[in-house]
Amino acid sequence: KTEDSETGASMVNGGGAVYEDKEENDNSRSEDLSELLAAGTKEVHEQAENTQFVKDFLHGRIRKELFKLGAVALYYTYSAMEEEIEKNKDHPQFAPLYFPNELHRREALARDLEYFYGEDWQGQISCSPATQRYMERIHEIGREDPVLLVAHAYTRYMGDLSGGQVLKKVAQRALKLPPTGEGVFFYQFDSIHSNKAFKQLYRSRMNELELDISTKDRIVQEAVRAFQFNMEVFQELEEMGKTIQEDVLDGGPIHGHMQGDISK
Ligand code: HEM
């Protein structure tokens with residue numbers, strides 16, 4: 001059962017015929033966690049897609065200083081999440097979703113930050129208030145209610161696997177980053193060959209967790225909260241974007257105040 005967890009190789013055994021039969025024979029609400037999560041976060045996903053920061057980013061309207069702050073926020077978020085995942089990797093209600101080699105992003109983000117801020121990157125970054133609230137919630141559930149880590153892992157990793165390639169290209173183009181991947185290692189999952197197949201594996205693992213319906217509902221509620229934490233970070237970034245002194249964009253006549261060079 002676990003041999004595929006390192007390589008992501010055998011991804012074919014889905015939720016099993018039991019569920020399929022059940023779904024064919026009655027039309028009651030599916031109890032598959034993957035479906036409850038997709039349905040339960042549909043509305044908040046649409047809200048997230050429609051935040052100004054996300055819309056701007058998708059259209060290539062992102063400046064380097066703001067992109068760097070976004071990477072900083074992600075670094076703190078994934079550090080908290082992956083710290084709690086490590087502590088709970090043997091918890092029976094999380095263990096099947098433990099894919100450090102395939103998913104974990106902290107290291108990739110550290111490389112991106114070193115590229116942007118230089119060797120002393122750790123001395124130059126700090127955690128924003130919205131990111132701090134997000135981190136505190138992750139640590140709280142890691143300590144007190146680790147089954148809810150499922151919600152946080154789902155919200156970030158499944159989202160990253162869904163939109164990563166597009167966002168990577170947008171960022172490289174808008175920020176003129178090198179094609180070798182520096183600055184966007186975060187978006188690159190080197191150990192995952194097919195995002196689609198991996199998402200299917202992840203969904204089937206979520207569906208195989210032994211959870212009663214009220215716990216599934218609590219996980220869905222926590223995923224909605226996770227989306228909201230992300231939106232609060234986006235809103236904060238958008239606000240910071242209004243005050244950032246921006247360096248010169250090649251060929252971009254739109255910025256009024258050219259306040260001199262900001263390193264990278
Ligand atoms: C899935 C688009 C922003 C989290 C998806 C999928 C698309 C998509 C097309 C479906 C992929 C598939 O079914 O294979 C977008 C667009 C966004 C955006 C266009 C911004 C404009 C976000 C944000 C988050 C997020 C900000 C959370 C922080 C997720 C998650 C899934 C997902 C968790 C998996 C849904 C599931 O299958 O259960 N997204 N997304 N997305 N996205 Fe987004």
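These numbers come from a predicted model, not from an experiment. Counting starts at 1 for both ligands and their atoms, following the listed order.
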| said: Any nitrogen or oxygen of Y154 lying under 3.5 Å from a nitrogen or oxygen in ligand 1? Just yes or no. | reply: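 Yes, there is a polar N/O contact under 3.5 Å.
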Contacting atoms of ligand 1, where contact means under 4.0 angstrom from a heavy atom of [X]:
X: F234; result: 26 (C)
X: K199; result: 11 (C), 12 (C), 14 (O)
X: A38; result: 38 (O)
X: T155; result: 4 (C), 27 (C), 33 (C)
X: L58; result: 21 (C)

Identity and distance of the protein heavy atom lying nearest [atom]:
atom: atom 27 (C) of ligand 1; value: F227 CE2, 3.5 Å
atom: atom 28 (C) of ligand 1; value: N230 CG, 3.6 Å
atom: atom 37 (O) of ligand 1; value: R203 NH2, 2.9 Å
atom: atom 21 (C) of ligand 1; value: V54 CG1, 3.3 Å

Determine, counting only non-hydrogen atoms of the protein, whether one lies under 4.0 angstrom from atom 8 (C) of ligand 1.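 For atom 8 (C) of ligand 1 the answer is yes, since some protein heavy atom falls inside 4.0 Å.
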Checklist entry - Does a donor on one side chain and an acceptor on the other come within less than 3.5 Å for S214 and D212? => result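 Indeed, the side chains of S214 and D212 share at least one donor-acceptor pair under 3.5 Å.
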| Donor + acceptor pair across side chains of E86, Y98 (<3.5 Å) |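 The criterion, which ignores hydrogens and geometry beyond distance, is satisfied for Y98 and E86.
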Which residues share a ring-ring contact (aromatic ring centres under 6.0 Å, His included) with F53, sequence neighbours left out
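ring-ring contact (aromatic ring centres under 6.0 Å, His included) check on F53 returns F234.
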Between [Y] and [X], is the closest basic N to carboxylate O distance under 4.0 Å?
X: K87; Y: E83; answer: yes
X: E46; Y: K42; answer: yes
X: E136; Y: R133; answer: no

Indicate yes or no: at least one non-hydrogen side-chain atom of Y157 is less than 4.5 angstrom from one of L97.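 No, side chains not in contact.
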*asked:* Ring of Y117, cation from K68 - is the NZ or CZ under 6.0 Å from the centre and inside 45° of the axis?
replied: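 Yes - K68 lies over the ring of Y117, closer than 6.0 Å to its centre and within 45° of its axis.
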Report task. Look only at the side chain of R63 and the backbone of G241, and say whether a donor-acceptor pair between them is shorter than 3.5 Å. Result ->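 Answer holds: yes.
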Keeping H152 on the side-chain end and L148 on the backbone end, is there a donor-acceptor pair under 3.5 Å?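 Not at all, since once roles are kept as given, no pair shorter than 3.5 Å links the two residues.
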Discussion item. Can you confirm if the aromatic rings of F186 and Y78 lie within a centre distance of less than 6.0 Å?
Written reply: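 Centroid separation for Y78 and F186: below 6.0 Å.
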- Excluding waters, how many protein N/O/S atoms sit closer than 2.8 Å to atom 43 (Fe) of ligand 1?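 Under the 2.8 Å cut-off, the count stands at 1.
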